[in-house]
Amino acid sequence: MSLNSTELFNTSNELKKNLKMSHLAIEDVANALNTSVEKINQILELDHVAPEDPWILKEYLSDQLRQQGLMDYPYSKLVGDFRNYWFLSTRKIYKRQLSK
């Protein structure tokens, strides 16, 4: 699934809004996902990332928000069950294995 420039912009903003709502520091997210702050920023900007990376961040933030009793800011493109997207590696998402 490829996104046009408007969809990329909206998805990036939706990820950022959910990060902000979670009240988590970007360093904490990076540590939890066993990656660098730079990688998280790259995902937030949707800058040359694997298709699974935004889903991994989305799922992580959704889990964190649920634990706080909050609901996600709605996503326009990262919707539904990631298992229903044939092009995603569900193994990578379950393992939270971000691309290098």
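In this text the structure is predicted, and so the values were computed from the model without any measurement. We use all heavy atoms of the structure for the numbers below, so side chains are in, but hydrogens, waters and symmetry mates are not.
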Could you tell me whether a side-chain N or O of [X] sits under 3.5 Å from a main-chain N or O of [Y], the two making a donor and an acceptor?
X	Y	value
Ser22	Leu19	yes
Glu52	Ser89	yes
Glu59	Ile93	no
Asn18	Glu14	yes
Asn31	Glu27	yes
Asn4	Thr6	yes
Ser12	Leu44	yes

Please tell me whether Phe82 and Tyr94 form a close aromatic pair, meaning their ring centres lie under 6.0 Å apart.
yes
Judged by modelled atom types alone, do Asp53 and Ser99 share a side-chain donor-acceptor pair under 3.5 Å?
yes
For Lys100 and Lys39, what are the C-alpha separation, side-chain angles and deciding distance, and is it a side chain to side chain contact (heavy atoms under 4.5 Å, CB included)?
CA-CA 8 Å; Lys100 300 291 178 194; Lys39 181 63 179 184; over 6 Å; no
Within the structure provided, determine whether [X] and [Y] are in side-chain contact (heavy-atom separation under 4.5 Å).
X	Y	value
Tyr60	Leu24	yes
Thr90	Tyr85	no
Val29	Leu57	yes

Give, for atom CG of Leu33 and atom CG of Leu98, the distance between the pair rounded to the nearest 0.5 Å.
5.5 Å
Can you measure from CD (Gln42) to OG (Ser36) and round to the nearest 0.5 angstrom?
8.0 Å
Share the residues that join Tyr73 in a hydrophobic cluster, the rule being Ile, Leu, Val, Met, Phe, Trp or Tyr side chains under 4.5 Å apart at the heavy-atom level.
Met21, Leu65, Leu70
Over all heavy atoms of both residues, which pair between [X] and [Y] is shortest? Give the atoms and the distance, please.
X	Y	value
Trp55	Gly80	CZ3-O, 3.9 Å
Leu46	Pro54	CD2-CG, 3.5 Å
Ile56	Gln97	CD1-O, 3.5 Å
Asp72	Tyr75	OD2-CE1, 3.9 Å

Please answer: with hydrophobic residues joined when any side-chain heavy atoms are less than 4.5 Å apart, are Leu61 and Met71 in the same cluster?
no
Return yes when atom CG of Asn34 has more than 12 non-hydrogen atoms of other residues, nucleotides or ligands closer than 6.0 Å, and no otherwise.
no
Crowding at NZ, Lys16 (>12 non-hydrogen neighbours, <6.0 Å):
yes
side-chain hydrogen bond (donor to acceptor under 3.5 Å, both in side chains) involving Glu7 - partner list, sequence neighbours excluded:
Lys77
Checking side chain to side chain contact (heavy atoms under 4.5 Å, CB included) for the pair Leu15/Leu78: CA distance, chi angles, key distance, verdict?
CA-CA 10 Å; Leu15 286 166; Leu78 300 176; 4.2 Å; yes
